[in-house]
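Within every chain, numbering begins at 1; the chains are lettered A, B, ... in the order of the sequence lines, protein sequences first and strands thereafter. Note that the structure is predicted; figures quoted are calculated from it, not measured.
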Amino acid sequence: MDLTTHLLQKHKKRILEIWMQNQLADAMLRDDLMSNDELRKQSEELLDALARAVASGNFDNIYSSEYEAITEILSDISITRARQGFSPRETSMYVLSLKQAISTVYEEELSSSPADLYREISNINKILDNLSIITFETYIKGREEVILRQTDEINEISTPVIRVWEGILALPIIGTLDSARTQIVMENLLQEIVNTGSSIAILDISGVPAVDSLVAQHLIKTVSATRLMGAECIISGIRAEIAQTIVHLGIDLSNIKTKASLAHALQLAFSMRNVEVRKTNRTPTAGLGR
Amino acid sequence: MERIPILKLGPFLLVTIQIDLYDRLALNLENDLITMVSKTSAKGVLIDISAVNIVDSFMGRILGNIASMSRIMDAETVVVGMQPAVAITLVELGLTLQGVHTALNVEKGMELLQKMIDLQYGSLDEDEEEEPDDRTD
């Protein structure tokens with residue numbers, strides 16, 4: 001058994017103690033996000049895995065099979081922390097404070113032979129530096145996953161298909177219409193047309209900040225797909241500046257029904273379906289009149 | 001050889017495609033259908049593709065061809081029951097089936113055809129039949 005392994009195994013308890021102290025001493029410790037017991041358990045598990053990995057005598061290649069267990073534990077911790085909302089600093093300090101703890105113990109143990117001390121510390125440094133890189137990488141990956149999931153959710157939520165009347169659907173689009181959004185909008189709309197047997201769909205773009213030629217192309221695509229399904233599409237909510245951009249860009253919307261406001265589109269839809277909406281003279285006893 | 005059945009329904013022809021078309025079958029259908037139109041002097045053709053999951057550019061062109069040929073023979077073509085995925089694919093392929101009328105299902109397709117025939121023979125104004133928008137349900 002070489003010196004590193006020997007030292008790690010022998011002083012595991014003490015290293016853990018110092019490591020915990022270091023972590024707890026950190027003023028930024030988020031005990032609101034994680035209890036001390038949990039932290040200790042996690043740390044002990046990691047230290048065990050480290051001791052086992054180091055026993056192989058491999059200090060250079062952190063991606064070899066001996067380190068699989070430890071990188072896995074570390075990745076788990078890191079991803080969980082990313083999701084829980086730990087800051088990058090807190091997450092990387094977790095591994096870096098272990099380095100501190102091990103150095104302290106080695107210093108006490110090997111004070112008589114500086115050469116050994118130097119070698120051991122540099123070995124441990126090498127491993128822990130690599131481990132902290134892995135921690136950071138997985139932390140970023142975890143955060144990216146969170147962002148991606150949120151993007152998906154926003155896309156999903158922000159394109160509802162509303163049934164405004166028997167046989168009339170409305171689709172308010174809010175936010176920029178990119179290819180991915182268009183795909184979702186189109187799929188939702190077409191599916192809803194099948195589900196409800198609606199023959200008119202109103203695409204309201206009041207909430208779209210800008211219409212460029214790409215967005216217009218996406219709109220035309222959606223309208224064409226709706227037509228192929230056997231339904232009619234009305235585009236509403238075209239603001240003055242959008243109308244200007246469309247004309248300046250030379251986009252041809254002449255064979256698409258367009259209306260300035262959702263109200264007008266609804267009126268057109270009613271007349272297309274031969275529906276009439278009119279005021280009735282309620283009797284005073286009906287109450288609710290103003 | 002496999003053939004898609006073509007049913008005569010009053011002045012209309014009804015074709016329901018229940019399997020995914022391969023190219024040869026589509027060509028046969030085009031041929032049979034146009035022969036039937038001329039034989040029965042049908043006023044409308046209704047093609048139900050609700051069971052078709054795959055429509056490629058060739059199939060799209062065949063549908064377009066059928067519509068153009070029928071129009072020359074004085075029959076309107078309505079394609080009904082297109083699956084959302086198929087519609088998206090066709091649009092992505094850049095095929096919008098210009099000149100082909102569409103409806104949600106066979107029932108609505110029939111109504112549309114009936115309406116077009118009524119327009120044609122009621123007013124004798126040939127151009128109005130191009131406008132499928134103001135149909136009623």
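Atom CZ of B:Arg61 has 12 or fewer heavy atoms from other residues, nucleotides or ligands within 6.0 Å. Taking a 6.0 Å sphere around CD of B:Glu92, one finds it holds more than 12 heavy atoms contributed by other residues, nucleotides or ligands. Other residues, nucleotides and ligands contribute more than 12 heavy atoms inside 6.0 Å of the CD atom of A:Glu241. Within 6.0 Å of NZ on A:Lys141 lie no more than 12 heavy atoms contributed by other residues, nucleotides or ligands.
Neither the backbone nor the side chain of B:Ile49 comes within contact range of chain A; no heavy atoms are under 4.5 Å apart. For chain B, no part of A:Thr222 is nearby; none of its heavy atoms comes within less than 4.5 Å. If you measure heavy-atom distances from B:Val78 to chain A, you find no contacts under 4.5 Å at all.
Counting heavy atoms from C-beta outward, B:Ile88 and A:Gln183 have side chains that approach closer than 4.5 Å. For the pair A:Met229/B:Thr102, no side-chain contact is recorded, criterion being any heavy-atom separation below 4.5 Å from C-beta on. The closest side-chain heavy-atom distance from A:Gln191 to B:Gln83 is not below 4.5 Å.
When all heavy atoms of A:Leu228 and B:Thr96 are compared, the closest pair comes out as CD2-O, 3.8 Å. Contact record, B:Ala87 with A:Ala225: CB-O, 3.7 Å, taken as the closest heavy-atom pair.
With rounding to the nearest 0.5 Å, the separation of CD in B:Gln98 from OG in A:Ser224 is 7.5 Å.
In this structure, the side chain of A:Arg227 does not engage the main chain of B:His101 through any donor-acceptor pair within 3.5 Å. A donor-acceptor pair under 3.5 Å is absent between the side-chain atoms of A:Lys221 and the main chain of B:Gly94, judged by distance alone.
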